[in-house]
Amino acid sequence: MSTYDPQDSTVAIHGGRSLDCHASSILFPLYQTSTFVHDAVGVDKGFSYSRVSNPTVDALEKVIGTLEGTPPAVCFRTGMAAITTLLLSVLKSGDHAVLSDVVYGGTMRLFREVLDDLGITASFVDTSDATNVEAAITPATRILFIETPGNPTLKLTDIEAVARIAKRHSILLAVDNTFLTPILQKPLELGADISVLSTTKYIDGHNATVGGSIATHDDKLLERIRLVRKTIGTTQAPFEAWLTLQGIKTLPARLRLHCEGAAVIARWLENHPDVERVYYPGLDSFPQKALAEKQQRAPGGIIAFELKAGVETAVRALNSVKLCSRAESLGGLETLITHPPSTTHADLDPKLRRGLGISDGLIRLSVGLEAPEDIIADLEQAFAAAASSNASEEVTHEIR
Ligand SMILES: *Cc1c(COP(=O)(O)O)cnc(C)c1O
């Protein structure tokens, strides 16, 4: 496994920075404004209206682009706004896309509920086997959209292998890199054309904002994405960009701690008698550990696991945590615990869900920056409470 690049921290702290011309404040200013005054007709300082561009959003785009190794990224109001804008920029009626079967639920819903009605179709396949990708490509396929690690079982897709297929067919490859960020995985260096992030997660890292970004080396594609963004109005807001600019400065430092904590907790879970199975790319038991070592710089901060006792006990354990928070999302300072079958993946047909390896008792942990031993103590007391409570007690979460 290649390791962390210490210079990422320097870039994260200084990459978006230029001293403001009025007061030399060390933090880049928040330009909380809708419009900009023109010096004369047709003469401006490069900004006219914040749906098109804004200096604070530009600063965030500069730092994300530097971390991605590309020209400035394009930032959006949410991760889904980024994904929607990308797909509307490259797909038209009659076109087809191939996606990972474990892609983010919102991305799946975008195709099923919105793009399908516009005549844009998609195939969702197990991209962990690249031959499935090749087999799903049709003459109408314009983009491959993969997510690795996939949610919630952290199933990996070999980015280089899929990139070779994309090149051979002259199709774009986009990677949703939200779980690792360019600090821990560089999809563009591995041959992808487009890197997509929900900045809501690790990039902001403080659960303070929602946002998204797209980075690519393709200048024409960037221009097209900016045109569609300003047209449909999915641009990031200045205040969210400013908060995200503060969060991203500690991204490399935070990720090291997230990974360190997750490794300790994953090992503890694997040795716990109540635990049936742990999914974490840093464990020797992880079936794709070699691929993780090839394309990731570290295993990441997300763990999934199953308790031996099954779904009722899993739900009781979730209801018994005190330090961990029962909440969707991931990548923040607070450890979040979720039950994907009843939350993020509740919309999926139960058979399909189980086919994806998401058992009814699966629990996902986004490891925060608390002391790992405190998280372990919380899980230990929650497992004990779940095991000892009356087995006939009603389960409040309905598993659909
Ligand atoms: C959260 C998430 C998204 C969507 O981002 P929002 O900011 O919530 O719109 C997309 N992809 C992945 C992998 C995510 O975790």
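One-based numbering, in listed order, for ligands and for the atoms of each.
Where the criterion is an N or O separation shorter than 3.5 Å, residue side chain and backbone included, E147 fails it with respect to ligand 1. An N or O contact shorter than 3.5 Å links G79 to ligand 1 by distance. At under 3.5 Å, not a single nitrogen or oxygen of V210, backbone or side chain, sits near a nitrogen or oxygen of ligand 1.
T199 and D204 share no side-chain donor-acceptor pair at under 3.5 Å. For H217 and T70, the side-chain atoms include no donor-acceptor pair closer than 3.5 Å.
For ligand 1, the atoms closer than 4.0 angstrom to any heavy atom of T200 are 6 (P), 7 (O). Atoms of ligand 1 lying under 4.0 Å from any heavy atom of T78, numbered from 1 in the order shown and given with element: 7 (O), 9 (O). Close approach of ligand 1 to G211 is summarised as follows: ligand atoms under 4.0 Å from at least one heavy atom of the residue are 7 (O). Within the listing of ligand 1, atoms 11 (N), 12 (C), 13 (C), 14 (C), 15 (O) sit less than 4.0 angstrom from a heavy atom of T178.
When hydrogens are left out, the protein atom nearest atom 12 (C) of ligand 1 is D176 OD2, 3.5 Å; that is the closest non-hydrogen contact. If you check which protein heavy atom lies closest to atom 5 (O) of ligand 1, you get S198 OG, 3.0 Å. From the protein, the heavy atom lying nearest to atom 9 (O) of ligand 1 is M80 N, 2.8 Å. For atom 14 (C) of ligand 1, the nearest protein heavy atom (residue, atom name, distance) is K201 NZ, 2.9 Å. Scanning the protein heavy atoms around atom 4 (C) of ligand 1, the nearest turns out to be Y104 CE2, 3.4 Å.
A side-chain contact (heavy atoms from CB on, under 4.5 Å) with L318 is found for exactly one of T343, T338, I337, namely I337.
No continuous path of ILVMFWY side-chain contacts below 4.5 Å connects Y49 to F47, so the two sit in separate hydrophobic clusters.
D274 and K308 are not joined by a salt bridge, as no carboxylate oxygen comes within less than 4.0 angstrom of a charged side-chain nitrogen. A salt bridge between R364 and E306 is absent, with no side-chain N of the basic residue lying under 4.0 Å from a carboxylate O of the acidic one.
Atom CD of Q246 has more than 12 neighbouring heavy atoms from other residues, nucleotides or ligands inside a 6.0 Å radius.
Between Y202 and H258, the distance separating the two ring centers is shorter than 6.0 angstrom.
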